[in-house]
Amino acid sequence: MKAITTLSRYFSTGKQLQVLVSSIQPPKFVPQIAAFTEDLCARILNQYPDIKTLKKLHCKVLTDDYLRWNSSLGIKLMRAYSACGEPVITRHIFDEITDKNVVLFNVMIRSYVNNHLYRDAFLVYKTMSSQGFDPDMYTYVCVLKASSGSDSLWVGLQVHSAILKFGMNSNLFVGNGLVAMYGKCKCLKEARQVFDEMPRRDVVSWNSMVAGYAQNERFNEALDLCREMEGSKLKPNACTMASLLPAAANTSSDNVFYVKEMFMKLAKTSVISWNVMIAVYVNNTMPKEAMDLYLQMDANGIEPDVVSIVSVLPACGDLSAVTQGRGIHEYAKRKKLIPNLLLENALIDMYAKCGCLRDARAVFDQMQFRDIVSWTSMISAYGMCGQGHDAVAVFAKMQNSGLSPDSIAFVSVLAACSHAGLLDEGRYYFNLMHEYGITPKLEHFACMVDLLGRAGNIDEAYGYYVLLSNIYAKAGRWQDVAAIRSILQRKGLKKIPGISNVELNDHVHTFLAGDQFHPQSKEIYEELDVLVGKMKEFGYMPETDSALHDVEEEDKECHLAVHSEKLAIAFAILNTKPGTPIRVTKNLRVCGDCHVAAKLISKITKREIVIRDTHRFHHFHDGACSCGDYW
DNA sequence: CTAGGGTTAG
């Protein structure tokens, strides 16, 4: 026994472990020797050796025969293999052990979960009871983690009902798992209910609930919970800060200050809290503060790690602090943190933002592995410097390398074309998106509008605008439509057509001002004529002059030049039963003429009409509007 | 003479 204790002192490094493994003799069925070997192996395995050492040890002593009568070592082996990212070998050992128990099942499930093989984890969970092993609290904690990891609320709910059925819900760890699962699955009410009903809560319970709010962009509630936590006896820790991070972007200065206070109150011994604070500053456009904090780490005895560097590099880019950036790059090399994909991508981005294209390219060229982000960063780098042809060349190389461009890669190449005035290339890539099954979004259209606007093709730019407006109007994303409108207005495109939407049978119908393309166009205009006739009896006078500011001159005399909301209302009247309320959304503010018309139409047709414009809601009922004619 | 297995996060 003494010998073993002495030996264990030397287990701290991989090399020593390997030496020790070589000295182990295969087990013979002599009880003392077997016990000695077992204890020795257990000690080695508990240190999580690297895969080489592990395999050596596995071959040397743990033959399958041996495993059959020793599940304890089997568990340790499985754990070690799982930690090396070898779930297949873990499973092999699991299958070899004939004398199973609940713990073995739990270790197997856990191995799958930790290696993100959630389906396999669920499968083992499903089969264990049929083999006579009932899940226990440890099992439930594992499968809850699998549910959170795979965002599968459905499985999570099933697990929850099993937990309730077997009365395991009062266990602290199970409760924490449930809170985390519901939070990940966006069920904050359920998460909060579990949290509130927990008989006992620890820091993890609070952090899980905070994480739930933060992951669902409810930063204020997350902060309220932190305050409440401080009000009780528990102190926030580095993990609390880390949980807040997803929501701590572009938030108020008060909120940033709160996180800073939390950071100051922590025992600042953990590199994680420093990294989170740096990231919070970066995500709230406070690069100077991020930089300063990074530089203070050393004096506080905290060694920056890969995450610290990846977090602070964007700040260097934002500040164009290339000297600092280079220093950090050197530090990363010295600490042998490179190669590292995230770090190298961050370096490319930093150098690009500092205008050091050569350095960016050097990092890119020296990379062992490149992902879509690496390529996209390089394309943007060239784009930012106006080297559109180089950007296009890198894009082509990326395609050749076998990677499929994603939506963001297209934004960067389109932006590069736009900055360099590469009209044909821009059109080519815009059309290419289709082949990759990517639907153009705001950013892509904005690039095209920009590109065409620069090239003087105002007409074509306008075409892209209308396309974009329709897409966003149908999705109800009026803010995006407004953003594009302001881009166009800056480019000198004054005439923005009004667009209205109205929903009918779960389908959104979109109308442009003066729209004549709708299949029911004829009936709609006829209906409008009838309505205008009746409205005139109430003293309505069409205000052609001011009302038609946003349609073409030649359309003015013609009654076809009608605002889109009138078309939408007429369409809804035609296609819905009498008395059905009509709901219209519009991308511009309702004009005076349409407002009067809507009031009268609500009276004549005895319909409730709701128009949401960019500014507010208008509820029209029996000839009056909720806005009291003030908007 | 019954271990062995568990939750949040940068």
Side-chain angles (χ1 to χ4, degrees), chain A residues 38-39 42 45-46 70-80 82-83 90 94 97 99-114 121 124 128 133 135-149 159 163 168 171-184 191 194-195 198 200-215 222 225-226 229 234 236-248 259 263 266 270-283 290 302 304-312 342:
Chain A
E38 188 185 325
D39 201 0
L45 287 171
N46 281 342
N70 193 329
S71 75
S72 174
L73 267 188
I75 286 168
K76 289 186 193 300
L77 252 178
M78 286 168 70
R79 232 180 23 184
S82 172
T90 310
F94 175 74
I97 300 171
D99 186 21
K100 294 220 180 11
N101 58 41
V102 192
V103 181
L104 267 166
F105 276 93
N106 290 347
V107 174
M108 192 60 240
I109 294 172
R110 166 136 294 276
S111 305
Y112 279 138
V113 173
N114 285 344
V124 176
M128 63 188 286
F133 298 97
D136 64 5
M137 297 184 255
Y138 292 87
T139 321
Y140 288 119
V141 172
C142 286
V143 281
L144 280 176
K145 194 175 176 175
S147 315
S148 333
V159 176
I163 287 167
M168 309 260 186
N171 177 275
L172 178 66
F173 287 87
V174 171
N176 291 349
L178 281 169
V179 172
M181 184 275 291
Y182 279 123
K184 268 269 166 64
V194 173
F195 177 81
M198 283 172 77
R200 205 168 72 80
R201 294 180 211 121
D202 66 356
V203 192
V204 179
S205 327
W206 288 85
N207 288 353
S208 304
M209 197 59 232
V210 169
Y213 283 126
Q215 283 157 2
L225 205 66
C226 290
M229 178 179 178
L234 290 164
N237 58 17
C239 194
T240 321
M241 277 189 74
S243 304
L244 282 172
L245 191 59
V259 180
F263 172 68
L266 285 180
S270 133
V271 70
I272 295 177
S273 58
W274 287 78
N275 293 351
V276 172
M277 200 60 231
I278 291 170
V280 168
Y281 281 139
V282 168
N283 293 339
I302 303 281
D305 65 2
V306 185
V307 182
S308 327
I309 296 172
V310 171
S311 306
V312 79
L342 282 180

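Letters A, B, ... mirror the listed sequences (proteins, then strands); counts begin at 1. Values in this document were obtained by computation on a predicted structure and should not be read as measured data.
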**Asked** Can you check whether Gln215(A) has a side-chain N or O nearer than 4.0 Å to OP1 or OP2 of dA9(B)?
**Response** yes
**Message:** For dG6(B), is there a stacking contact with Tyr138(A), counting only centres under 5.5 Å and planes under 30°?
**Reply:** no
**Request:** Looking at every strand, decide which applies to Val179(A) at a 4.0 Å heavy-atom threshold: base, sugar-phosphate, or nothing.
**Result:** nothing
**Prompt:** What is the distance, rounded to the nearest whole Å, between atom OH of Tyr140(A) and atom C1' of dG5(B)?
**Reply:** 15 Å
**Request:** Take the protein atom CZ of Arg110(A) and the nucleotide atom P of dG4(B), then report the distance between them rounded to whole Å.
**Result:** 16 Å
**Item:** Closest nucleotide among dG10(B), dT8(B), dG6(B) to the Asn207(A) side chain
**Value:** dT8(B)
**Request:** For Asp136(A) and dT7(B), give me the distance from atom CG to atom P, rounded to whole Å.
**Result:** 13 Å
**Prompt:** Has the side chain of Asn106(A) got a donor or acceptor atom sitting under 3.5 Å from an opposite partner on the base of dG6(B)?
**Reply:** no
**Nearest-Å distance for atom pair CG/P, residues Leu266(A) and dT8(B)** = 20 Å
**Request:** Would you please classify the geometry between the Phe105(A) ring and the Phe133(A) ring as parallel, tilted or perpendicular, with 30° and 60° separating the classes?
**Result:** tilted
**Asked** So what does Cys142(A) hit on the nucleic acid, given a heavy-atom distance under 4.0 Å: a base, only sugar-phosphate, or nothing?
**Response** nothing
**Prompt:** Do Leu172(A) and Val204(A) come within less than 4.5 Å of each other through their side chains, counting heavy atoms only?
**Reply:** no
**Message:** Can you identify which nucleotide, out of dA9(B), dT7(B), dG5(B), has its nearest atom closest to the Val141(A) side chain?
**Reply:** dT7(B)
**Request:** Indicate whether OP1 or OP2 belonging to dG5(B) is found under 4.0 Å from a side-chain N or O atom of Arg79(A).
**Result:** yes
**Asked** Mind checking whether Thr139(A) and Ile109(A) have side chains closer than 4.5 Å, heavy atoms only?
**Response** yes
**Item:** N/O donor-acceptor pair under 3.5 Å between Lys100(A) side chain and Phe94(A) backbone
**Value:** yes
**Request:** To the nearest 0.5 Å, tell me how far Leu77(A) CG sits from Ser82(A) OG.
**Result:** 12.0 Å
**Nearest to side-chain heavy atoms of Ile75(A), which nucleotide of dG4(B), dG10(B), dT8(B)** = dG4(B)
**Prompt:** Which whole-number value in Å describes the distance from Phe133(A) CZ to dG4(B) C1'?
**Reply:** 14 Å
**Asked** Closer than 4.0 Å, any side-chain N/O of Lys145(A) to the OP1 or OP2 of dT8(B)?
**Response** yes
**Complete:** Rounded to whole Å, the CG-C1' distance (Leu77(A) to dA3(B)) equals 16 Å
**Request:** To the nearest Å, give me how far apart CE (Met128(A)) and C1' (dG5(B)) are.
**Result:** 11 Å
**Options dG6(B), dG4(B), dT7(B), nucleotide nearest the side-chain atoms of Asp202(A)** = dT7(B)
**Message:** Measuring from the side chain of Met137(A) (C-beta onward, heavy atoms only), which nucleotide among dA9(B), dG6(B), dG10(B) has the closest atom?
**Reply:** dG6(B)
**Prompt:** In whole angstroms, how far is the P atom of dT8(B) from the CG atom of Asn171(A)?
**Reply:** 14 Å
**Asked** Would you say a side-chain N or O of Lys184(A) is under 4.0 Å from OP1 or OP2 of dT7(B)?
**Response** no
**Message:** Please report the interatomic distance NZ(Lys145(A)) to CG(Asn114(A)), rounded to the nearest 0.5 Å.
**Reply:** 5.0 Å
**Message:** Just to be sure I understand the rule, does Leu245(A) reach a base, reach only the sugar-phosphate, or reach nothing, if contact means heavy atoms closer than 4.0 Å?
**Reply:** sugar-phosphate
